[in-house]
Amino acid sequence: QVQLVESGGGLVQPGGSLRLSCATYGFSFMTYGMTWYRQAPGKERELVAPISSSGRTTTHADPVKGRFTVSRDNNGNTMYLQRNSLTPEDTGVYYCYLTRMGSVYWGQGTQVTVSS
């Protein structure tokens, strides 16, 4: 069955860096595009960045566009999210998202806390 497993979050000081991972299982990873979302405390879930099956990224009108680098390793069935110079506004739970054959899949999320 399809599984999306985020990891790499943690407590980071402002100005620090994080690279989040989304390991995937149960489907042909290289065939599908995927998306990173995040949800700050008390806020609605918001789009961070999508990536196509081939690694193409798309600009979206959202609060965090241009602040993250999304990539993927089709050989390792893993999607990544890189962010340098983190700020407290980056705090939240980051989620992996997939639509496949009419179904929607979410990972469990990984917590990112940016605080001094």
Side-chain angles (χ1 to χ4, degrees):
Q1 60 185 13
V2 172
Q3 293 186 56
L4 311 175
V5 183
E6 302 93 337
S7 63
L11 177 62
V12 184
Q13 293 190 2
S17 300
L18 278 177
R19 192 190 194 204
L20 307 181
S21 299
C22 174
T24 71
Y25 309 88
F27 68 100
S28 298
F29 176 77
M30 65 181 296
T31 305
Y32 295 93
M34 299 185 67
T35 308
W36 283 102
Y37 283 79
R38 74 178 183 185
Q39 188 167 19
K43 303 290 187 178
E44 294 185 353
R45 195 167 299 183
E46 65 180 351
L47 178 72
V48 177
I51 187 167
S52 75
S53 60
S54 63
R56 185 185 74 254
T57 59
T58 304
T59 300
H60 285 72
D62 66 86
V64 297
K65 66 177 182 180
R67 308 208 306 123
F68 295 85
T69 299
V70 61
S71 61
R72 66 188 295 154
D73 175 9
N74 282 345
N75 292 325
N77 299 331
T78 303
M79 179 175 64
Y80 301 97
L81 187 69
Q82 174 73 41
R83 171 61 174 169
N84 301 324
S85 300
L86 287 158
T87 74
E89 294 182 347
D90 294 317
T91 293
V93 180
Y94 286 71
Y95 296 92
C96 201
Y97 170 87
L98 166 72
T99 60
R100 173 180 173 270
M101 297 182 177
S103 297
V104 174
Y105 302 92
W106 293 94
Q108 84 289 344
T110 184
Q111 175 70 46
V112 173
T113 303
V114 184
S115 177
S116 60

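Predicted model only: the values in this text are computed from it and were never measured.
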> At their closest point, which heavy atom of L98 faces which heavy atom of G33, and how far apart are they?
Replying inline: CD1-O, 3.7 Å
>> Between Y97 and V104, is there a side-chain heavy-atom distance shorter than 4.5 Å?
In response: yes
> Out of curiosity, T69 OG1 to L81 CG, how far, rounded to the nearest 0.5 Å?
Replying inline: 8.0 Å
> Hey, does W106 have a side-chain heavy atom less than 4.5 Å from the side chain of L4?
Replying inline: no
>> Using modelled atom types and a 3.5 Å cut-off, is there a donor and acceptor pairing between side-chain atoms of E6 and backbone atoms of Q108?
In response: yes
>> Between Q3 and Y25 (side chain of the first, backbone of the second, donor and acceptor by atom type, cut-off under 3.5 Å), is there such a pair?
In response: no
> Donor-acceptor pair, T24 side chain versus N77 backbone, under 3.5 Å?
Replying inline: yes
> Between Y95 and G107, what is the shortest heavy-atom contact and its length?
Replying inline: CD2-O, 3.6 Å
> Which atom pair, heavy atoms only, marks the closest approach of V2 to R100?
Replying inline: CG2-NH1, 3.9 Å
>> Contact between Q82 and S71 at the side-chain level, heavy atoms closer than 4.5 Å - yes or no?
In response: no
> Do Y80 and W36 share a hydrophobic cluster (ILVMFWY, side-chain heavy atoms under 4.5 Å, transitive)?
Replying inline: no
>> Minimum heavy-atom separation for T35 and M79, please, with both atom names.
In response: O-CE, 3.8 Å
>> Is the shortest side-chain heavy-atom distance between S53 and T31 below 4.5 Å?
In response: no
> Between OG1 of T113 and CG of L86, what distance do you get to the nearest 0.5 Å?
Replying inline: 11.0 Å
> Taking atom CD of E46 and atom CD of Q39, what is their separation to the nearest 0.5 Å?
Replying inline: 9.0 Å
> Taking all non-hydrogen atoms of both residues, which atom of Y32 and which atom of R72 are closest, and how far apart?
Replying inline: O-NH1, 2.8 Å
> Do the ring planes of Y94 and F68 sit parallel (below 30°), tilted (30 to 60°) or perpendicular (above 60°)?
Replying inline: tilted
> Do V70 and M34 touch side chain to side chain, with heavy atoms closer than 4.5 Å?
Replying inline: no
>> Between N84 and S17, is there a side-chain heavy-atom distance shorter than 4.5 Å?
In response: yes
> Shortest non-hydrogen contact from P14 to S116?
Replying inline: CD-N, 3.6 Å
> To the nearest 0.5 Å, what is the distance between CG (L18) and CG (L11)?
Replying inline: 9.5 Å
